[in-house]
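Everything on this sheet refers to the single structure shown next.
These figures come from a predicted structure and were not determined experimentally. Per chain, numbering begins at 1; letters A, B, ... match sequence-line order.
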Amino acid sequence: MSRQDTIKDLADRLRRMERRVARVEDREPSVGTGHAALDSVLPAGGLVRGTLLEWINGEGPGSGAATLALLSAGGLIRRQDSGPAGTLAVVDRDGGFYTAAAAGLGLSPEGILLVRAGTEGEWKWAMEQVLRSPAIDVALTWAGSLDDRVFRRWQLAAELGGGVGMLVRSSEVMGQASWASTRLMVRGCVGEEWAGGRRWRVRVLSGGVGRGAWRAGYQEREVLLELNDETGGLRLLPRLERTVPPGVSAAG
Amino acid sequence: MPLSEARAVLLGPVGAGGESGEGLEVVEADEEADLRCLAEEGRRAWRFTPLVSVTPTARPGQAPGQAPGQAPGQDPRSRPESLLANITGCSHLFGDERGLARAMHEEWSGRGFSVRVAVAGSPGTAWAIAHSAHWTGQPWAPLVASPGRDELWMRRLPIEALALRPSVVRALSELDVAQVDRLLELPVSEIKRRFGEETLGRIDRALGRWQEPLECLPMPDPVLACRSFDYPISRTDWLQEALKELVLEVACGLKRRGRVTWRMVCRVQSEVSQAEPEWVEWVTGLVEPSHKAEHLWELVSLQNERRRWPAEVVRLEVLAQGVVVPDRPQQTLFKTETEYEPTTHGGVLRRGMARLVERLSSRLGETSVSRPVLCEAEVPESAVMLVRVGRERSVERSGERSGERSGEQPWFGAVTRPLRLLEGPRPIEVMAVVPEGPPVRFAWEGRNRRVVRHWGPERIETGWWAEGGVARDYYRVETDAGEWYWLFRRRGDDRWFVHGVFE
């Protein structure tokens, strides 16, 4: 097979894979996060079952990406009027996940399953098992650099299990290929004065799957979100919203 | 009660329109069938205690259920309607005796039985309280007599609780003796003279004045499979194959007996050296008991992935522990898919959750998979307790005493606690402008961080009487990179620590 044929074959396979994942998103209706501000940020207008989401900490680990990930998980976890409550699985390497803080964000501890994996191999396996299970609605983990095959396995597992996988990652992974349907960059707003709570700049980097698989016509954008400490409500600050032209993203 | 009398009670007098008997189903009493059913239910009670009796009890030299001086078959205790269980040393597994009583009540009431549960210091007192539960006004609530208060309970009960002969009860009523308290005021010699030795024996039995032995249901034979090798084996694939055969053999044994198991125990005997233990034991626990060979082998093999086989293995054993009668879910006419499935512990789990937890626990270890429960605790490290999945209900019960806050929202706000709490507070170098003031700069993970804003101090302090007490002034700080950290200054030596990251 010539070099051109190999490239063409790989491009075809990539397109097929992308189409397959895109069908999942088209087939599954989005589920509201319980925060209208977050729904307006997410490309599908909410969470799509069977997909992965990447939350990137823009600076260090204290940027707050996991907090937003948990807030967005609330819509699937909280008991709805007609349906049962969902389950959030937290797959943690060092066991430092603090459930009391999650409860402060409005997530009931009764709906949380904690999985502590000692080694990297066990962590990858555990995350795949959790994603594959129909009993789990949202699976959350902290992932550094990730092997492409493992990432793909997780994406397929999420598709099979029908839950949503949330990966909290550092900005070092920018530029790496991703099997997540959406990648969001979270940066804390520094030194801005307001009544109480926390503010973030959230930049939606991609709404497709695979390297360069952005949706046609999809524009990256950045919004400002504010979490109220007392009410736990999330607010979008529309006057500061701005659109980033396509092509200037730092993503791969 | 004769059938004619029952008809008259239920359908009214002849001529009142009920003589046709329509709607009345007559089923002849079958004490043997009742006893068989009761024995089956007694085996279910093994999950609460191994000492369960379904037969009436006896003194040495007496027929079962026969109190001193009584003719057999005339004792209400001999009716096949009661389970007597010795719960010594078991109640802590359900929080306390009250928790155990509630779990027992849920076990049978959940399956449609009308059940009364009583806990007391002796089988006689427990039987008497359970059979007089209507007197308390809460006939279906589990009743627990605190230790040492058995006689106080008994004294307030009607004399029918003593399981006396009907003629004796009638005679006592004519004497206006309706309560046990009044009966106990009568001289013993007078009771013996007027009502006989048998009545005294029944009073003593109900008051727990003689040690009543329980004739417990025999436990089934252990479901065990073993293999000894002619010469020591170290090849893992051979051992794995032999183990698989043994697990399948045990699964067949369970199926043959109509039982399911809570635990599979694999024992490996090796002949390496004197220094190493001769026997190695691996335990695989289940969230829901099973007898399915494939399922059991999957869990055992998953656990083996994190175990190292000892060298020179000479014998393998596989034992099923916690063997119980399987729950038979109620059959429905139409197949329905529900989101939840009931657990043997009396709770519910999401469909597929038990299987997931079993797989994760087998591979990662039982303590690696848990549910968090919030507790009332000043110290942040103690604010969350981890419990095994499927055991939450028993913890909920014990939580009534240990300050658990299940289902409640915490008092603090959405951004005042960090999502990642470090396993132990890490000492850091902090620069503060004023002594005992907020931090201005700190170094963490090799980087200097400038504090742009801070919130605090929030003082968290335990009483001087508390063991391992803490006295800390916590600050939430925002760095110049937009990151949030949770720092505290230890009061006393003014050392600074980072305790959490607002991830």
Side-chain angles (χ1 to χ4, degrees), chain A residues 57-67 70 83-84 86-87 89 94-106 108-110 112-118 122 125-126 129-130 132-136 142 168 187-191 193 196-198 200-201 227-233, chain B residues 305-306 338-340 349-357 359-360 363-365 367-374 380 383-384 386 389 392 405-410 412-423 444-445 447 449 452-453 455 478-485 500-503:
Chain A
N57 275 313
E59 297 296 336
S63 299
T67 302
L70 281 178
T87 304
D94 63 3
F97 179 78
Y98 193 43
T99 309
L105 294 171
S108 169
E110 289 166 12
I112 297 177
L113 180 74
L114 296 180
V115 182
R116 188 171 180 171
E122 287 178 347
W125 176 85
Q129 295 299 315
V130 162
R132 196 179 287 276
S133 170
I136 301 297
W142 285 256
V168 179
R187 283 197 169 88
C189 296
V190 184
E193 291 297 333
R198 196 173 182 188
W200 295 276
R201 288 182 197 286
L227 175 64
N228 188 304
D229 184 33
E230 287 183 4
T231 64
Chain B
E305 288 182 24
R306 65 188 177 97
T338 55
E339 285 272 351
Y340 289 89
L349 280 178
R350 280 287 293 276
R351 191 160 291 282
M353 182 64 83
R355 197 170 175 84
L356 172 69
V357 172
R359 285 178 63 79
L360 291 171
R363 171 87 187 262
L364 308 176
T367 56
S368 298
V369 188
S370 54
R371 287 259 198 216
V373 177
L374 296 189
V384 180
L386 301 181
V389 180
E392 297 95 331
R405 305 175 50 97
S406 178
E408 288 182 35
Q409 284 297 309
F412 45 81
V415 296
T416 47
R417 288 291 180 271
L419 263 181
R420 182 156 299 277
L421 197 72
L422 304 181
E423 200 159 357
W444 165 245
E445 288 187 332
R447 268 180 61 190
R449 295 159 202 269
V452 180
R453 291 195 300 164
W455 294 264
E478 180 182 280
T479 69
D480 51 355
E483 293 185 275
W484 283 27
Y485 290 92
V501 186
F502 291 81
E503 290 198 336

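In this structure, chain B has heavy atoms under 4.5 Å from both the backbone and the side chain of A126(A). Looking at V130(A), both its backbone and its side chain come within 4.5 Å of chain B, counting heavy atoms on both sides. Heavy atoms closer than 4.5 Å to chain A are found in both the backbone and the side chain of F502(B). Of the atoms belonging to T67(A), heavy atoms from both backbone and side chain fall under 4.5 Å from chain B. Interface remark: W200(A) contributes no atoms to any contact with chain B (heavy atom separation under 4.5 Å).
Among L422(B), L386(B), D480(B), the residue making the largest number of heavy-atom pairs under 4.5 Å with chain A is D480(B). No other option in L360(B), L421(B), L419(B), T416(B) has as many heavy-atom pairs under 4.5 Å with chain A as L419(B). Here G64(A) is the residue among G232(A), G233(A), G64(A), A102(A) with the most heavy-atom pairs under 4.5 Å with chain B. Counting heavy-atom pairs under 4.5 Å between each of V357(B), T367(B), V384(B) and chain A puts V384(B) at the top. Among the candidates A117(A), G188(A), G62(A), A66(A), the residue making the largest number of heavy-atom pairs closer than 4.5 Å to chain B is G62(A).
Inter-residue side-chain proximity for R371(B) and T87(A) is flagged as met; some heavy-atom pair is nearer than 4.5 Å. Between L113(A) and M353(B) the shortest side-chain heavy-atom distance falls below 4.5 Å. Within the 4.5 Å cutoff, the side chain of R420(B) has heavy atoms near those of the D94(A) side chain.
Contact record, R363(B) with E122(A): O-OE2, 4.0 Å, taken as the closest heavy-atom pair. Summarising the geometry of L356(B) relative to Q129(A), their closest heavy-atom pair is CD1-O, 3.6 Å, with the distance given to 0.1 Å. Across every non-hydrogen atom of Y98(A) and P380(B), the tightest pair is OH-O, 2.9 Å. Counting all heavy atoms, side chain and backbone alike, I112(A) lies closest to P372(B) at O-CD, 3.2 Å. Considering every non-hydrogen atom in both A101(A) and R417(B), the closest pair reads CB-O, 3.4 Å. When all heavy atoms of S133(A) and G352(B) are compared, the closest pair comes out as OG-O, 4.1 Å.
The CZ atom of R447(B) sits 7.0 Å away from the CD atom of E59(A) when rounded to the nearest 0.5 Å. Remark: L374(B) CG to E110(A) CD distance equals 9.5 Å, nearest 0.5 Å.
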